[in-house]
Amino acid sequence: QILDRELRARVGGLGDISVPLEQLAELEIPAKNVFIVENLQTGLAFDDLTDSVVIMQLGYGVDVLSRLPWVTKANCIYWGDLDTHGFAILNRARTYLPELKSILMDEQTLRGHRDLWVEETAQHGAEILPLLTDTEQAVYQAMKHNVWGQSIRLEQERIAWDVAWNALQHAI
């Protein structure tokens, strides 16, 4: 989804784009900021934001990001579910985008939304995800070892949108 009016004009005014990867790779979208979010509902909730694009619903398919030259040049921000798989997807994405920043995937966000936790039915198998920052790794380890509760997860769409939108805007 292209969040900037001027960027939309470069692709015939389209905002919400769903195209084959090869065609998307051929587009030159000079976005300064690319948000990568795990869930469709979250991506569709984004409002206009200067110089920005949001890519949603890739899951473990984040490998496609390496095939989009305009993405690799941008300031990229990842927001996934706060669970072991969200961290595993972030780790995988950093293989292609080493400078990828995460947002709302920290202990404060997790613990501040305890009333919204649900159960993660099957945790990711890796004991360590080597491309996480120390802070991210600490949260991942705490989740793996049930420090705050049994198999907890916080789905990103459960966080109040005004809280999330404020954090996303401040991330750039």
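As the structure is a computational prediction, the values presented were derived from the model and not from experiment.
In terms of heavy-atom proximity, Leu110 sits nearest to Trp117 at O-NE1, 2.9 Å.
In this model, a donor atom of one side chain and an acceptor atom of the other lie less than 3.5 Å apart for Glu127 and His145. For the 3.5 Å distance criterion, the side chains of Asp81 and Gln156 fail to qualify, holding no donor opposite an acceptor. No hydrogens or angles considered: a donor-acceptor pair under 3.5 Å links the side chains of Asn75 and Asn33.
By the 4.5 Å heavy-atom criterion applied to side chains, Ser52 and Val34 are not counted as neighbours. Leu82 places a side-chain heavy atom less than 4.5 Å from the side chain of Thr109. Contact annotation: the side chain of Ile103 never approaches that of Phe35 to less than 4.5 Å [non-hydrogen atoms, C-beta and beyond].
Glu136 has a carboxylate O that lies under 4.0 Å from a charged side-chain N of Arg94, or vice versa, which qualifies the two as a salt bridge. A salt bridge links Asp63 to Arg92: at least one charged side-chain nitrogen sits closer than 4.0 Å to a carboxylate oxygen. Taking the charged nitrogens against the carboxylate oxygens, Arg10 and Glu28 have no contact shorter than 4.0 Å, which rules out a salt bridge. Ion pair Glu155/Arg153 flagged as a salt bridge, since at least one NZ, NE, NH1 or NH2 atom sits closer than 4.0 Å to an Asp/Glu carboxylate oxygen.
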- Task: List the steps, then state whether side chain to side chain contact (heavy atoms under 4.5 Å, CB included) holds for Tyr96 with Val64.
- Result: CA-CA 9 Å; Tyr96 309 102; Val64 301; over 6 Å; no
- Task: Evaluate the criterion side chain to side chain contact (heavy atoms under 4.5 Å, CB included) for residue pair Met143 and Phe87; output intermediate values, then yes/no.
- Result: CA-CA 10 Å; Met143 294 177 93; Phe87 282 111; 3.9 Å; yes
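Taking hydrophobic clusters as Ile, Leu, Val, Met, Phe, Trp and Tyr residues chained together by side-chain heavy-atom distances below 4.5 Å, Val62 does not share a cluster with Leu131.
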